There are 2 protein chains.
Amino acid sequence: MPRPSQPLLSRQRIVEVALRIIDEEGLAALSTRRLAADLHVRAPSLYNHFATKEEILDAAGDAVIAAVDISMFGPREWPEALRQWARGYRAALARHPNNVPFLAGGPALRPAALRLADAVYGALLDAGWSRSYATRIGATMRYFVFGSTLGPFALGFVVDPFGYAGRYPHLTDAHRLRQHREQVDGGAFELGLGTLIDGLVRLYDQTVVKS
Amino acid sequence: MPRPSQPLLSRQRIVEVALRIIDEEGLAALSTRRLAADLHVRAPSLYNHFATKEEILDAAGDAVIAAVDISMFGPREWPEALRQWARGYRAALARHPNNVPFLAGGPALRPAALRLADAVYGALLDAGWSRSYATRIGATMRYFVFGSTLGPFALGFVVDPFGYAGRYPHLTDAHRLRQHREQVDGGAFELGLGTLIDGLVRLYDQTVVKS
DNA sequence: GTCTATAACGTGATAGAC
DNA sequence: GTCTATCACGTTATAGAC
């Protein structure tokens, strides 16, 4: 049966299933054959909807970013808006950790990612920051959010405690980090976020409000 | 010629050439065949020196981390040591940007990466920070350094100015970011680094030195 | 035993004909 | 949409020169 009367595929269905495979089994598990199989279809059929596999990854990545809330810009004061946005951004990425390496490359031309960049930059300009500062603040926040989701600290160490014993005197408990994963990475994120925003408020009072 | 009198390969030569290929043409360009060709050898020969391609990547990654200076811990006060270490860390990663995605996964069992983690954690403990804070500070610094090299902000936008015009009102100049690449990313890094360390000093005075 | 070469397997992305 | 085909990949098996 070369072709059914109703199309089996759509860009949306493909992206949904691709995202599920990436979430459950990792980026490496997403092959065109595997994706097609889960859609009850053969691999080449995907090319009727996307030009390359890269395009599918782009779409899946943008779906992750599209879930980031930006409604706090405007109603809220900029420091609190920035804090809430960063938390939501991190949470959205943390929900799809296997996708983060791909997203880390930057917004490129993905619409949701550009909408995000535009919102933050615009909010900082509205608050009175110069273009130069707004750019650097946006970049700094991006560094921090991506860093915190890309290489979750607690997962970077190996489970085997004997891997570290002796040679690295201070890492004797490193293998236990995994057990406190969210406490460690969540705590580190909040520590850094609070520190950054407090510092920016201080800078704001010195440079923007020079009253 | 099945076997030359002098071995053509060594782990070190393989790592050197692999690193060069990754630097010049990207992670994706490193295939076993390509690597072997540059070494004037066939791909399977590599397996006499490394069990898998992953092992080659591990070794190349660790060579990058091995270049990070940690001699400032000890002689220097912790805030200044932390600042210098972060700058050196970022610089070492920036010298091999195509390797950063791989390194972002964490130290695992790579010796140089573990030595680094051990040094920072130990220095923070020596300064009087609690284990809990030392862990979170190390993680925060790691987030920031990796975020800043992994997705260089200025390279995340596309060159074509028409890609953004109209739809994203504040991004009209985003395509120009690439021209000021080092200014933008270097400025954002210094802004965030200074803010983080100032904040940590303040926290230190409140929690550790509670005089 | 050590280090290479050749050949081959299985899987990947993707192009073209139907 | 399917099928067939191409080419690159990581890796293994095996054989032969030092």
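What you see below is based on every heavy atom in this structure, not just the backbone, and it leaves out hydrogens, waters and symmetry mates. These numbers come from a predicted model, not from an experiment. Each chain gets a letter, A, B and so on, in the order its sequence line appears, and its residues count up from 1.
With sequence neighbours excluded, no residue satisfies side chain to side chain donor-acceptor pair (under 3.5 Å) with A:N99.
Nucleic acid contact class of B:R42 (heavy atoms, under 4.0 Å, all strands): base.
Identified under the salt bridge (charged side-chain N to carboxylate O under 4.0 Å, His left out) test for residues 135-149 of chain B, with sequence neighbours left out: none. The stretch residues 12-21 of chain A participates, sequence neighbours left out, in these salt bridge (charged side-chain N to carboxylate O under 4.0 Å, His left out) pairs: A:R20-A:E24, A:R20-A:D38. Identified under the ring pair (Phe, Tyr, Trp, His ring centres under 6.0 Å) test for residues 167-197 of chain B, with sequence neighbours left out: B:F144-B:F189. Within the structure, no pair that satisfies the salt bridge (charged side-chain N to carboxylate O under 4.0 Å, His left out) test touches residues 95-105 of chain A, not counting sequence neighbours. Among residues at least two apart or in separate chains, side chain to side chain donor-acceptor pair (under 3.5 Å) pairs with a member in residues 72-83 of chain B are B:E80-B:R83.
Two rings, from B:F146 and B:Y89, have their centers less than 6.0 Å apart.
Near DNA chain C, meaning a heavy atom under 4.0 Å away, there are no residues from residues 15-26 of chain A.
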For nucleotides 11-15 of chain C, give me every protein contact, N/O to N/O, under 3.5 Å, one pair per line with atom names.
| residue | atom | partner | partner atom | Å |
| --- | --- | --- | --- | --- |
| C:dG12 | OP2 | A:R33 | NE | 3.3 |
| C:dG12 | N7 | A:R33 | NH2 | 2.3 |
| C:dA13 | OP1 | A:T32 | N | 3.2 |
| C:dA13 | OP1 | A:K53 | NZ | 3.0 |
| C:dA13 | OP2 | A:T32 | N | 2.7 |
| C:dA13 | OP2 | A:T32 | OG1 | 2.5 |
| C:dT14 | OP2 | A:Y47 | OH | 2.5 |
| C:dT14 | OP2 | A:K53 | N | 2.8 |
| C:dT14 | O5' | A:Y47 | OH | 3.1 |

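Spacing between atom CZ of B:F50 and atom C1' of D:dT11 amounts to 16 Å, rounded to whole angstrom units. In this structure, the CG atom of B:L35 is 16 Å from the C1' atom of D:dA8, given to the nearest Å. Straight-line distance from the CZ atom of A:R11 to the P atom of D:dG1: 14 Å, rounded to whole Å. Regarding B:E55, its CD atom lies at a distance of 14 Å from the C1' atom of D:dG10, rounded to whole Å.
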Donor-acceptor pairs are to be reported for all side-chain atoms of residues 54-75 of chain A against protein atoms at under 3.5 Å, with residues two or more places apart or in another chain.
| residue | atom | partner | partner atom | Å |
| --- | --- | --- | --- | --- |
| A:E55 | OE1 | A:A51 | N | 3.2 |
| A:D62 | OD1 | A:A112 | N | 3.3 |
| A:D62 | OD1 | A:A113 | N | 3.2 |
| A:D62 | OD2 | A:A112 | N | 2.8 |
| A:D69 | OD1 | A:S71 | N | 2.9 |
| A:D69 | OD1 | A:S71 | OG | 2.9 |
| A:D69 | OD2 | A:S71 | OG | 3.1 |

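Contact annotation: A:H49 side-chain N/O to D:dG1 OP1/OP2 distance is under 4.0 Å.
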